[in-house]
Amino acid sequence: MPTEPHNPPGNTLPDDAPPFRYGAALANEIEARWQDRWESERAYDAPNPGESGFDAARPKKFILDMFPYPSGAGLHVGHPLGYIATDIYARYLRMTGHRVLHAMGFDAFGLPAEQYAVQTGTHPRVTTERNIATMRAQLRRLGLGHEARRSVATTDEGFYRWTQWIFLRIYHAWYDAGAEGRGGGRGRARPIAELVAQFEAGERATSSGRPWAKLNEDQRRAEVDGHRLAFLAEAPVNWCPKLGTVLANEEVTADGRSERGNYPVFKRPMKQWMMRITAYAERLAADLDRVDWPEPIRQMQRNWIGRSAGAFVDFDCSTRRIRVFTTRPDTLSGATYLVLSPEHEMVDQLMPERYGAAGFARAIFPGAEGLVARNAPPRDMVGAYRAHAKSRSDEARREGDEKTGAFTGAYAINPMNGARIPVFVADYVLSGYGTGAIMAVPGQDQRDWDFAKAFGLPIVRTVQPPADFNGEAYVGEGPAINSGILDGLPVEEAKQRIGAHLRAIGRGEPTVTYKLRDWLFSRQRYWGEPFPVVYDESGRAHPIPEGMLPVRLPELDNFQPESSDDPDAPPRPPLARASDWARVELDLGEGTKRYTRETNTMPNWAGSCWYYLRYADPWNERAFVGREAERYWMGGNGVDLYVGGVEHAVLHLLYARFWHKVLYDLEEVSTPEPFGRLFNQGYIQAAAYTDERGVYVEAAGVEERGGSFWFGGGPVRREFGKMGKSLKNAVAPDEVCASYGCDTLRVYEMSMGPLEASKPWNTRDIAGAHRFLQRVWRNLIDERTGATRVADGPGEPDLRRALHKTIAAVRRDMETLGFNTAVAKLIEFNNELTKRCGPDSGAPVPREAAEALVLMIAPLAPHLAEELWSRVAGASRGSVVRAPYPVCDESLARETSVEVPVQILGRLRGKVSVPADADARALEAAALADEKIAALIAGKPVKKVIVVPGKMVNIVTG
RNA sequence: GCCCGAAUGGCGGAAUUGGUAGACGCGACGGACUCAAAAUCCGUUGGCAGCGAUGUCGUGGGGGUUCGAGUCCCUCUUCGGGCACCA
């Protein structure tokens with residue numbers, strides 16, 4: 001406890017300031033002292049079931065922040081916004097009798113440490129550990145009440161061993177779409193052994209239809225591998241030669257570049273590990289209804305999953321059948337041609353030797369004219385078109401609305417009306433969606449209309465547009481026409497009818513498809529989790545037995561993946577260079593044999609898919625999480641509050657939900673969803689300045705003069721953007737803490753505005769938060785002597801009323817994370833306190849008000865509150881961390897009389913004072929009796945009087 | 001193009017279910033303290049008219065519902081975010 005004045009040189013306080021004023025130095029001294037104390041007393045530890053001190057009677061709350069990457073640049077004040085909010089909420093919950101799990105770990109694998117290693121030769125582990133230490137210190141300085149013993153890092157062997165273990169669980173599982181789901185519904189993951197048993201018993205047909213018993217070893221393996229939830233596939237992947245790695249679809253921008261680094265990305269087939277997330281598409285979409293998440297986030301996930309209901313339709317094409325997917329099977333009669341994607345596997349088989357007579361353009365694309373002129377055969381024409389389509393970037397594909405394509409020379413039969421329709425390839429049909437083939441209905445689809453116009457193909461309307469319709473393709477409601485049995489039916493009924501019809505004639509069936517693709521799970525990187533997989537001499541994959549985990553990363557002196565400008569360069573992951581590590585002799589149950597390790601590593605998302613489960617039981621060496629701990633902390637609907645930025649709306653949240661659902665199906669976890677309630681905090685923006693060349697200058701050095709901004713003598717332009725290094729506008733929390741203390745920073749960040757909103761940082765405004773805390777301190781502590789200004793007793797009724805109304809309002813705000821208004825109400829109450837019994841009044845502060853104020857401030861400014869609590873309440877009452885949060889006494893909060901506005905014709909004309917419980921009649925009488933009101937309505941007939949008791953009176957005159 | 005979200009004083013932002021618009025903070029202005037400045041404290045502060053009581057306008061623009069609209073409906077504008085030839 002300070003007994004000496006705390007005004008060292010450099011303090012913002014003047015030399016003659018009172019010795020016990022709450023300034024930067026005192027704040028810093030208080031904060032350091034209590035941080036040490038909380039740490040040594042393990043103030044935030046929450047025992048697990050079975051640990052001493054565990055109390056099952058108390059409700060649990062699992063509060064979670066999104067997993068941070070420990071960046072070398074350190075934190076800026078924008079980062080901890082969400083952390084401060086969860087800390088305040090967690091502290092509030094502790095004070096209201098909850099057991100709170102609140103921990104912070106580090107998503108520490110990833111590219112920056114690896115790139116730094118490439119540049120400097122420093123091992124990524126060294127960089128990572130240093131960055132974690134820095135970040136831990138920064139977080140500690142903010143007074144965040146995380147449970148230190150639960151802090152984990154994905155790079156810890158004790159952690160990634162379980163990441164590998166979960167990978168194996170997924171590898172050893174398959175999705176049985178027909179099985180009864182755990183907790184109702186259809187579909188669940190099951191152990192792969194059960195699939196094998198089904199094959200062996202002949203209960204399940206193999207994909208080829210040949211009996212299991214007749215299959216050889218490799219065929220059986222292929223059959224089983226084709227069902228696994230983690231599987232190897234030769235699939236078109238996003239290859240980024242510059243980064244020397246493949247990327248997930250989600251990591252590629254719309255214009256075909258890498259999200260990280262903005263390098264060109266090429267589609268190219270490669271053998272890679274995949275996760276069968278598409279098996280869960282339906283449940284991932286449907287279960288969004290069972291979580292309390294912001295609606296926009298749920299929308300984004302729904303859009304990403306992209307569920308669409310429609311039908312498969314099979315078209316005969318000489319001896320083959322082409323299956324298309326459509327959401328408008330009702331328009332089948334209007335299908336005047338088919339389009340396959342250029343990559344469609346049937347294209348080669350369909351093409352005849354030469355074109356027959358055709359009444360439409362055979363091909364439209366750059367260079368097509370020459371081929372048409374010399375009457376090139378379909379094979380050449382389509383080949384040239386495919387080359388063209390491949391060379392076009394996704395960006396170019398979208399640019400310009402002109403449709404390109406080529407006629408295959410083949411014709412298909414429309415199953416609805418027997419019409420002979422041409423088959424095209426065109427890149428407006430995507431290979432990855434549906435069946436990679438469409439039936440084109442120009443009358444009801446604008447894209448098909450455009451193509452039909454360009455190629456001179458017929459257009460048949462099958463839905464009657466309204467009389468005043470003068471557009472091209474008509475996509476609205478209307479009766480079916482030109483459609484035989486469907487004629488006259490509205491769209492929805494026609495869809496039902498045609499679905500049944502197709503099924504009856506064996507030419508298709510209703511179905512559902514998704515935009516969601518399987519998740520590419522391999523990366524050609526060093527700093528990631530190694531796969532627990534080896535390959536035998538014939539290239540067959542073998543999982544590493546659980547007992548041999550973890551598979552550790554080898555030491556390397558060169559961490560660089562081979563980067564190239566050549567899109568065809570082979571991938572050379574850094575681990576492939578660790579030949580001593582990659583070549584192993586193992587006994588996997590068939591005697592000691594030679595194997596080669598998988599040299600790819602897992603993507604960065606792997607660790608963040610399950611870290612929250614590890615928080616619940618981080619010291620468990622026998623399981624990734626103990627059953628009892630999992631059931632306790634995840635009980636109810638999983639994590640009780642998950643706070644993070646919108647940037648994870650799709651990727652992390654979708655992958656984590658997927659893993660969680662697999663683990664749920666396999667009975668490793670008890671809830672179908674991981675995160676019951678999600679909250680997105682906004683960004684902190686900051687002014688950034690560009691000079692005359694348009695280059696960003698250090699925002700800290702900019703001066704404002706007469707409304708314009710100057711840097712180093714030259715004028716600069718102001719803009720606002722996300723705080724960070726690139727805009728040179730980052731403000732470090734350490735600086736703010738040094739000048740004001742972290743309690744001030746916490747209060748300021750919370751008072752800036754609603755948590756979910758993005759708002760601009762304004763260093764000038766911090767003083768307001770600091771003054772508030774200073775005034776609280778000044779009300780309770782004599783600035784000259786350091787003695788408390790608190791006297792026993794409850795205080796006057798007016799003060800008590802203000803207090804209890806504040807308690808009720810602040811509690812409401814805490815529950816809804818409305819910390820900005822909570823702060824405002826506390827300031828308001830403290831201002832009231834200052835007026836009635838501040839230092840200038842000479843009156844002491846009543847104990848009830850003093851203690852309640854300190855306790856209400858405790859979650860927001862815990863250090864100041866702890867210090868005041870120890871001085872005002874005394875050491876015997878313990879720490880403020882678990883002190884009971886004040887409770888509003890309704891009888892004390894109630895007003896005796898209220899001032900009610902009186903309106904005439906909806907316009908405010910006066911106010912009357914009435915007892916708070918005055919009923920409508922009394923209120924009306926009081927309003928009409930008011931002199932001013934009476935004068936205003938004199939001579940006018942009163943048509944109606946609207947009275948809302950306690951709220952207002954509105955007199956409607958004629 | 002489609003889907004979300006937002007727009008309130010000089011600034012950040014408040015306003016239960018439609019019921020006193022502008023809480024709280026910053027800034028600005030005036031005052032106290034000081035030789036002075038800083039810090040701190042007290043007061044004023046949406047626009048316009050008025051000495052004043054007060055009146056009047058006012059929540060991005062236009063229209064509507066209602067006794068009453070920042071809040072509900074229609075429409076437009078601007079800004080932010082997501083998706084983007086997904087059949």
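First the proteins, then the strands, lettered A, B, ... as listed; each starts at 1. Note that the structure is a prediction, hence the values are computed from the model and not measured.
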Counting side-chain heavy atoms from CB outward, which of [options] is closest to [X]?
| X | options | value |
| --- | --- | --- |
| A/Val956 | B/C67, B/U20, B/A87 | B/C67 |
| A/Lys944 | B/C67, B/G25, B/A14 | B/C67 |
| A/Tyr428 | B/C67, B/C85, B/C41 | B/C85 |
| A/Ser308 | B/A87, B/C4, B/G13 | B/A87 |

Looking at every strand, decide which applies to [X] at a 4.0 Å heavy-atom threshold: base, sugar-phosphate, or nothing.
| X | result |
| --- | --- |
| A/Lys911 | base |
| A/Ile827 | sugar-phosphate |
| A/Pro839 | nothing |
| A/Arg307 | nothing |
| A/Ser758 | sugar-phosphate |
| A/Asp840 | sugar-phosphate |
| A/Glu828 | sugar-phosphate |
| A/Glu899 | base |
| A/Asn954 | base |
| A/Met300 | sugar-phosphate |

[atom1] of [X] versus [atom2] of [N]: gap in Å, rounded?
| X | N | atom1 | atom2 | answer |
| --- | --- | --- | --- | --- |
| A/Lys932 | B/U54 | NZ | C1' | 8 Å |
| A/Lys515 | B/C3 | NZ | P | 13 Å |
| A/Phe772 | B/A23 | CZ | P | 17 Å |
| A/Lys825 | B/G13 | NZ | C1' | 13 Å |
| A/Lys722 | B/G81 | NZ | C1' | 12 Å |
| A/Arg298 | B/G81 | CZ | P | 23 Å |
| A/Leu923 | B/U20 | CG | C1' | 13 Å |
| A/Ile904 | B/U54 | CD1 | C1' | 15 Å |

Whom does B/A49 pair with, Watson-Crick or G-U wobble, provided both distances fall under 3.5 Å?
B/U54
Using Watson-Crick or G-U wobble geometry with both distances under 3.5 Å, which nucleotide pairs with B/U44?
B/A28
Please confirm whether any donor atom in the side chain of A/Lys403 sits under 3.5 Å from an acceptor in the base of B/C85, or the reverse.
yes
Taking atom types as they are modelled, is there a donor-acceptor pair under 3.5 Å from the base of B/C26 to the side chain of A/Asp765?
no
Distance alone, cut at 3.5 Å: any donor-acceptor contact between the side chains of A/Tyr748 and A/Thr763?
no
Between A/Tyr514 and A/Thr278, do the side chains contain an N or O donor and an N or O acceptor separated by less than 3.5 Å?
no
Below 4.0 angstrom from OP1 or OP2 of [N], is there any side-chain N or O of [X]?
| X | N | answer |
| --- | --- | --- |
| A/Asn831 | B/G25 | yes |
| A/Asn820 | B/A14 | yes |
| A/Thr513 | B/A87 | no |
| A/Arg909 | B/U20 | no |
| A/Arg764 | B/G12 | no |
| A/Arg771 | B/G25 | no |
| A/Arg907 | B/C57 | yes |

Which of A/Thr462, A/Asp330, A/Thr331 passes side-chain hydrogen bond (donor to acceptor under 3.5 Å, both in side chains) with A/Gln444? It is A/Thr462
Only one of A/Thr806, A/Asn830, A/Asp813 clears side-chain hydrogen bond (donor to acceptor under 3.5 Å, both in side chains) with A/Lys825; which?
A/Asp813
Could you tell me if the ring centre of A/Tyr337 sits under 6.0 Å from that of A/Phe455?
no
Is A/Tyr385 reaching over with its side chain to a backbone N or O of A/Asp427, donor-acceptor style, under 3.5 angstrom?
yes
Syn versus anti for B/G25, judged by chi lying within 90° of 0?
anti
Closest non-hydrogen atom pair, A/Ala927 against A/Val953
CB-CG1, 3.8 Å
